[in-house]
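Keep in mind that what you see is a predicted model, and the values were worked out from it rather than measured. Residue numbers run from 1 in the order of the sequence given.
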Amino acid sequence: MRATWLRAPRPPRLVLLGHSQGGPWLHYLSRVTPDVPYALQIDLDSICVTWKGDFTDLIAENPLPAVLPSPLAACENMDTPVGRRNAKDIVWPNVARNLEVQSKRLPARPGEAGGVYLNYLFEVTPNIRPDSSTTGIERFVAWKEDHSAVSAPGSESLTWVTIRTNDLARTWKSEDLSSR
C-alpha cells in the first residue's frame, strides 16, 4: 500500500470499518501507522471483552517488530489530558474523521434490526483524540439496537453511518473536482 497507492499522484482515501473487537484492531492499526492518512474510521460498538484471552496466543505465534507496541495494548488504558482512556477510545491524528456507534445500554424493545431485550455487550466511553479533543469525531447511540443489531443491514445505526458517509463522499467528490 505504501509503495503503490500512497505514492500515487492522487492516493485513494482509506476508510476503516470495524465491529466489536474489530474496533480495537482499527485503533491499533492507525496508531502503529502514523504516516498513513486514513480519511474515515467507523467504529461499530467497539469492545475489549475477552481481548487478551482471544488474541494472546495468536499474537505470540505472529510476533511483530519490537519497535511496535503489542496488539494486546489495543485494549489497555492510556494517559490523556482528561485521565486514563482505553486505547480503543483514542482516535489518532492520522484519522481525519471518526464515526462511532454505540449500542443500547438499558433494556429496551429491539428496533427494526432485531436483537434482544437485554444487551450484554456495549460500549459507553466516547472516542477522543490524544489531546482530548473531539475534532472530526461523531457519535451515535442506538437506544433500541443491541451489540449485534448495530451492524445489521437496515439498522438505525447503519442508516446513520450511511448518511454520514454519503455526505462525506459528496464533500470528497467536490474537493476532487475543484483540485483538477
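- Salt bridge annotation for Arg170-Asp167: present, with a cationic side-chain nitrogen under 4.0 angstrom from a carboxylate oxygen.
- Between Val161 and Leu44, some side-chain heavy-atom pair lies under the 4.5 Å cut-off.
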Requested in this report: Could you check Thr162 against Arg164 for side-chain contact (heavy atoms from CB on, under 4.5 Å), going step by step and ending with a plain yes or no?
Outcome: CA-CA 5 Å; Thr162 301; Arg164 293 299 185 282; over 6 Å; no

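- Two residues are said to be in side-chain contact when any heavy atoms from C-beta on lie closer than 4.5 Å; Ser46 and Pro24 meet this criterion.
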Stepwise side-chain contact (heavy atoms from CB on, under 4.5 Å) test for Met78 and Lys88
CA-CA 10 Å; Met78 302 178 73; Lys88 71 162 179 57; over 6 Å; no

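- Val15 and Leu26 fall into different hydrophobic clusters, where Ile, Leu, Val, Met, Phe, Trp and Tyr side chains are chained together by heavy-atom contacts under 4.5 Å.
- In this structure Arg97 satisfies the side chain to side chain donor-acceptor pair (under 3.5 Å) test together with Glu138, sequence neighbours excluded.
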Report the C-alpha separation of Ile42 and His19 in whole Å, then their side-chain angles, then the decisive distance to 0.1 Å, and conclude whether the side-chain contact (heavy atoms from CB on, under 4.5 Å) test is met. CA-CA 8 Å; Ile42 303 167; His19 173 250; over 6 Å; no

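- Remark: Gln41 pairs with His27, Asp43 by the side chain to side chain donor-acceptor pair (under 3.5 Å) rule, at least two apart or across chains.
- Listed for the Thr80 side chain is a donor-acceptor partner under 3.5 Å among the backbone atoms of Val82.
- Taking the six-membered ring for Trp and the full ring otherwise, Trp25 and Phe55 have centroids separated by under 6.0 Å.
- Within the structure, salt bridge (Lys or Arg N to Asp or Glu O under 4.0 Å) contacts touching residues 62-77 (residues at least two apart or in different chains) are Lys52-Glu76.
- Proximity of Trp160 to Val141: side-chain heavy atoms (C-beta onward) are nowhere separated by under 4.5 Å.
- Within 6.0 Å of atom CZ in Arg7, 12 or fewer heavy atoms from other residues, nucleotides or ligands are found, so the atom counts as exposed in its surroundings.
- The only option from Leu17, Thr165, Leu168 that meets the side-chain contact (heavy atoms from CB on, under 4.5 Å) definition with Leu99 turns out to be Thr165.
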Taking it one step at a time, do Phe140 and Glu100 satisfy side-chain contact (heavy atoms from CB on, under 4.5 Å)?
CA-CA 6 Å; Phe140 176 80; Glu100 179 185 24; over 6 Å; no

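- The two residues Ile59 and Ser70 make their nearest non-hydrogen contact at CG2-OG, 4.2 Å.
- For Asp57, the side chain to side chain donor-acceptor pair (under 3.5 Å) test picks out no residue, with sequence neighbours left out.
- Under the 4.5 Å side-chain heavy-atom criterion for Ile, Leu, Val, Met, Phe, Trp and Tyr, Leu40 and Leu158 are members of the same hydrophobic cluster.
- Looking at Pro71 and Leu64, their side chains come closer than 4.5 Å, going by heavy atoms from C-beta outward.
- Screening residues 19-50 for disulfide bond (SG atoms under 2.5 Å apart) gives Cys48-Cys75 as the qualifying pairs, with residues at least two apart or on separate chains.
- Glu175 pairs by the salt bridge (Lys or Arg N to Asp or Glu O under 4.0 Å) definition with Arg13, not counting sequence neighbours.
- Thr33 is listed as a side-chain neighbour of Asp35, based on a closest heavy-atom distance under 4.5 Å.
- Under the 4.5 Å side-chain contact rule for hydrophobic residues, Leu58 and Leu72 share a cluster.
- Among all heavy-atom pairs drawn from Val150 and Ser103, the shortest one is CG1-CB, 3.7 Å.
- In the hydrophobic clustering of this structure, Trp92 does not group with Val32; members are Ile, Leu, Val, Met, Phe, Trp, Tyr whose side-chain heavy atoms approach within less than 4.5 Å, directly or through other members.
- Dense packing is recorded around CH2 of Trp172, with more than 12 heavy atoms of other residues, nucleotides or ligands lying under 6.0 Å away.
- Ser157 and Glu145 share a side-chain donor-acceptor pair at under 3.5 Å.
- Of all heavy-atom pairs spanning Asn86 and Ala74, the tightest one is OD1-O, 3.6 Å.
- For the 3.5 Å distance criterion, the side chains of Ser133 and Asp131 qualify, holding a donor opposite an acceptor.
- Note: Thr135 OG1 to Asn98 CG = 12.0 Å, rounded to the nearest 0.5 Å.
- Across all non-hydrogen atoms, the minimal contact from Val95 to Ser30 is CG2-CB, 3.7 Å.
- Salt-bridge check for Arg85 with Asp79: failed, with every basic side-chain N at 4.0 Å or more from each acidic carboxylate O.
- Residues Leu29 and Trp5 fall within the same hydrophobic cluster, defined by Ile, Leu, Val, Met, Phe, Trp and Tyr side chains chained together at heavy-atom separations under 4.5 Å.
- Of all the heavy atoms in Arg129 and Ala96, the pair that sits closest is NH2-O, 3.1 Å.
- Contact detail for Leu6 and Pro11: the closest heavy-atom pair is CA-CB, 4.0 Å.
- Atom CG of residue Asn166 and atom NZ of residue Lys173 lie 11.5 Å apart, to the nearest 0.5 angstrom.
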